[in-house]
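Quick caveat: nothing in here was measured; it's all calculated off a predicted structure. In what follows, every chain begins at residue 1, and chains take the letters A, B, ... in the order their sequences are listed.
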2 protein chains.
Amino acid sequence: MDGINIKQLAEALNLSTSTISRAFRNSSGIKQHTKDLILSKAKELNYQPNHYASNLRDQKSKTIAVIVPELANNYFSQAIHGIEQVARANGYNILIYSTDDDLEKEMDFIKHLHNGRVEGIIMSVSGEAENHNYLNDFGARRLPMVQFDRVYDDIDTPKIITDDYESSFIATEHLIEQGCKRIGYLVVKKDLSIGKTREMGYIDALKKHHINYKEELIIDCSNSYTENDPIIKKALKDLKLDGIFASVERLAFATYYASYDLNIKIPHDLKVISFSSLEIAPLLNPSLTTITQPAVEIGNLSAKLLFDILQDKKEISFAKEKVVLNSKIIFRNSTKSA
Amino acid sequence: MDGINIKQLAEALNLSTSTISRAFRNSSGIKQHTKDLILSKAKELNYQPNHYASNLRDQKSKTIAVIVPELANNYFSQAIHGIEQVARANGYNILIYSTDDDLEKEMDFIKHLHNGRVEGIIMSVSGEAENHNYLNDFGARRLPMVQFDRVYDDIDTPKIITDDYESSFIATEHLIEQGCKRIGYLVVKKDLSIGKTREMGYIDALKKHHINYKEELIIDCSNSYTENDPIIKKALKDLKLDGIFASVERLAFATYYASYDLNIKIPHDLKVISFSSLEIAPLLNPSLTTITQPAVEIGNLSAKLLFDILQDKKEISFAKEKVVLNSKIIFRNSTKSA
DNA sequence: TTGTACGCGTTATCAA
DNA sequence: TTGATAACGCGTACAA
């Protein structure tokens with residue numbers, strides 16, 4: 001690092017380091033002329049205040065961390081985009097971590113983040129374990145946090161979620177109205193609260209319409225296509241499904257692939273609806289009926305909430321509010337009745 | 001930040017701060033017993049060495065920055081994933097910046113990154129301006145950098161790219177072989193080198209097959225769907241195109257939408273091929289013929305190259321190598337001849 | 001094997 | 001309006 005530091009710049013200008021510092025911080029208490037002089041010389045010599053020194057000095061990093069299960073997912077990249085907008089506007093940087101749905105990594109990240117590196121965390125969890133208490137281990141040291149979408153209900157932080165129950169209810173009801181009798185619910189990690197909530201919407205819709213519900217209709221998948229493919233194919237064949245409600249877009253895609261292979265025609269033989277933030281859902285063959293969450297807005301809001309906490313530390317312990325946003329269901333050909 | 005620091009931990013154990021420090025750094029020069037004691041107490045009190053203090057002390061941040069034009073793009077999210085793998089393996093963190101194709105932001109990011117915050121930069125450029133010299137302003141202070149995919153040729157850094165010329169040539173030739181006579185080339189920011197390279201492949205393929213090439217067949221688009229839609233529709237109508245070679249997947253999607261609206265049938269009336277990292281290209285209607293870059297591998301390699309430089313500073317000034325990886329063309333229905 | 005003391009680059013406080 | 005100084009938390013040379 002052959003960068004010039006504040007002392008060298010001070011020498012070059014025959015000024016003290018404090019004056020230099022002032023030129024970069026307060027616009028007060030310094031003559032405009034001096035300030036101009038300093039800034040121009042700084043530009044010339046390419047001086048910039050050292051980030052680590054500043055942060056060490058005033059114990060602020062102006063950085064927040066964003067932890068998501070995966071990056072290659074439209075929903076999360078849009079949410080991150082939303083977070084970034086707000087962070088940038090507040091002069092904050094974001095550090096992005098992707099857990100690949102691995103709890104180990106998640107714990108590791110969070111632990112290491114508690115070293116002063118960031119001022120707060122925005123997270124959508126991997127949700128593998130039942131024991132989330134590692135988050136409480138930090139006690140008073142726990143960083144301000146906001147959870148979104150995939151959340152741990154037993155961890156007290158503000159949470160931004162969508163109306164998953166209602167959306168799932170409507171989605172399922174829609175399939176029923178289109179004539180489906182045997183509707184499968186495809187889910188990844190069904191024990192995570194978000195999966196449960198959606199499952200309840202699904203079950204209640206079946207109930208309302210007096211449709212036979214069986215445990216076997218809930219199909220637990222993973223994030224791996226190669227693992228899911230046989231599972232879905234088996235379900236399609238053995239259970240004679242005529243409708244699929246997918247809780248994640250990845251599973252809808254896998255269903256499409258499976259149907260192609262098995263020569264099952266969507267929507268004629270099988271109707272499909274899915275949670276998805278895919279912008280090209282209308283271009284699929286057939287176009288996919290989707291429940292789309294306001295991902296960017298969720299990101300915006302999560303960040304805003306975090307900054308609220310950051311500005312008023314007292315509130316941390318009380319911040320348990322839950323914000324529920326509405327998803328949008330768009331009907332397309334994959335659920336069209338003949 | 002109510003975190004405990006090294007001094008407090010030392011007091012709690014009746015040891016000196018240096019011993020504590022040693023327990024976390026060198027495993028040498030410290031009795032195993034003492035070390036165990038320290039680490040267990042540290043865990044209990046939730047002590048972690050302050051990131052900023054450590055970095056300030058030894059002038060290393062163990063962090064690299066990744067700058068990309070956009071996050072909501074399969075290619076870039078996959079590339080980032082690839083970078084992350086390598087970074088993590090080397091014990092480095094990554095800071096992600098998205099420029100939204102805005103040169104201002106790009107310049108801003110890079111300037112602010114030169115404050116010791118990161119040790120190196122991996123970048124795919126926005127490519128708006130002709131003047132990239134802001135990068136050279138840093139002189140000896142310039143951070144180690146690796147460029148990938150969208151690169152500034154006039155900036156000396158290692159570059160990872162794909163065989164864009166060859167792929168474009170083959171793609172165009174494929175359209176010709178499928179019977180296309182009037183092939184349009186859709187590009188964003190045609191002056192960026194990557195666009196130019198692809199254009200050359202396109203033009204040379206036309207030449208080889210003695211197909212009439214006209215400037216008007218090169219259609220300059222933007223990143224905004226609302227802007228592109230009328231441009232593409234106009235081109236489709238006025239130029240009577242029967243083939244489209246899209247340099248970015250976004251433009252292929254826009255072409256699909258436009259064709260739907262204009263009742264142009266793909267591939268019957270119009271054949272489409274595109275650069276794309278979309279994993280569900282086979283699910284489109286019709287399935288899209290794609291040129292797919294090895295995004296994850298590109299990310300891996302970029303990171304590896306950067307770490308090579310980081311480990312041997314001397315090489316920075318010589319590091320001008322250019323690595324060319326091969327893309328893969330997969331033929332699907334969007335270019336099928338009748 | 002452990003402890004003492006200094007410096008990394010900055011900024012806030014106080015004095016001039 | 002400017003300058004001197006101490007302190008942020010850590011790690012290392014050096015001393016013990």
In whole Å, what is the span from the OH atom of A:Y52 to the C1' atom of C:dT10? 15 Å
Euclidean distance, atom CG of residue B:D58 to atom P of C:dG9 [Å, nearest integer]: 12 Å
Report the nucleotide, chosen from D:dG3, C:dT1, D:dG9, that has the shortest atom-to-atom distance to any side-chain atom of B:A53. D:dG9
What I want to check is whether the side chains of B:S21 and B:S18 have a donor and an acceptor closer together than 3.5 Å. no
If we check side-chain contact (heavy atoms from CB on, under 4.5 Å) with B:V68, which of these qualifies: B:Y97, B:F148, B:Y75? B:F148
Of the nucleotides C:dG9, C:dG3, D:dT2, which one has an atom closest to the side chain of A:N5? C:dG9
Below the 4.0 Å mark, does D:dT2 have OP1 or OP2 next to a side-chain nitrogen or oxygen of A:T34? yes
Counting side-chain heavy atoms from CB outward, which of D:dC8, C:dT10, C:dT2 is closest to B:K31? C:dT2
Minimum heavy-atom separation for A:L39 to A:A23, with atom names? CD2-O, 4.2 Å
So what does A:Y47 hit on the nucleic acid, given a heavy-atom distance under 4.0 Å: a base, only sugar-phosphate, or nothing? sugar-phosphate
Between B:R57 and B:G29, which is nearer to the 5' end of DNA chain C once each is assigned its nearest nucleotide? B:G29
Can you check the B:K60 NZ to D:dG11 C1' distance for me, whole Å? 14 Å
Candidate nucleotides C:dT4, C:dG9, D:dT2, ranked by approach to the side chain of A:I6 - the nearest: C:dG9
Rounded to the nearest Å, what distance is computed from the NZ atom of residue A:K35 to the P atom of nucleotide D:dT2? 12 Å
What is the distance, rounded to the nearest whole Å, between atom CG of B:L13 and atom C1' of C:dT1? 16 Å
Side-chain N or O of B:S21 closer than 4.0 Å to phosphate OP1/OP2 of D:dG11: yes
Choosing from D:dC10, D:dT5, C:dT10, which nucleotide comes nearest the side chain of A:S54? C:dT10
Please work out if B:I30 contacts a base, only the sugar-phosphate, or nothing of the nucleic acid, heavy-atom cut-off 4.0 Å. sugar-phosphate
For the residue pair B:H114 and A:N46, confirm or rule out a side-chain donor-acceptor distance under 3.5 Å. no
Tell me: NE2 of B:H51 to C1' of C:dC8, nearest whole Å? 15 Å
Of the listed nucleotides D:dT12, D:dG3, D:dG9, the one nearest the side chain of B:S18: D:dT12
Do you see a donor-acceptor pair shorter than 3.5 Å between the side chains of A:T157 and A:R142? no
In this structure, how many angstroms lie between the C1' atom of C:dG3 and the CG atom of B:L15, rounded? 10 Å
Residue pair B:D153, B:K322: steps toward the salt bridge (charged side-chain N to carboxylate O under 4.0 Å, His left out) verdict: CA-CA 10 Å; B:D153 277 324; B:K322 209 165 184 167; 3.4 Å; yes
Counting any heavy atom closer than 4.0 Å, what does B:R25 reach on the DNA or RNA strands: base, sugar-phosphate only, or nothing? sugar-phosphate
Measure from CD1 on A:I4 to C1' on C:dG9 and round the result to the nearest Å. 12 Å
Look at the side-chain N and O atoms of A:Q59 and state whether any lies under 4.0 Å from the OP1 or OP2 oxygen of D:dG9. yes
Heavy atoms under 4.0 Å, any strand shown: does A:Q8 hit a base, just sugar-phosphate, or nothing? nothing
Nearest to the A:N50 side chain among C:dT2, D:dC10, C:dG9, which nucleotide is it? C:dG9
Would you indicate what B:Q48 reaches in the nucleic acid, counting non-hydrogen atoms under 4.0 angstrom: base, sugar-phosphate, or nothing? sugar-phosphate
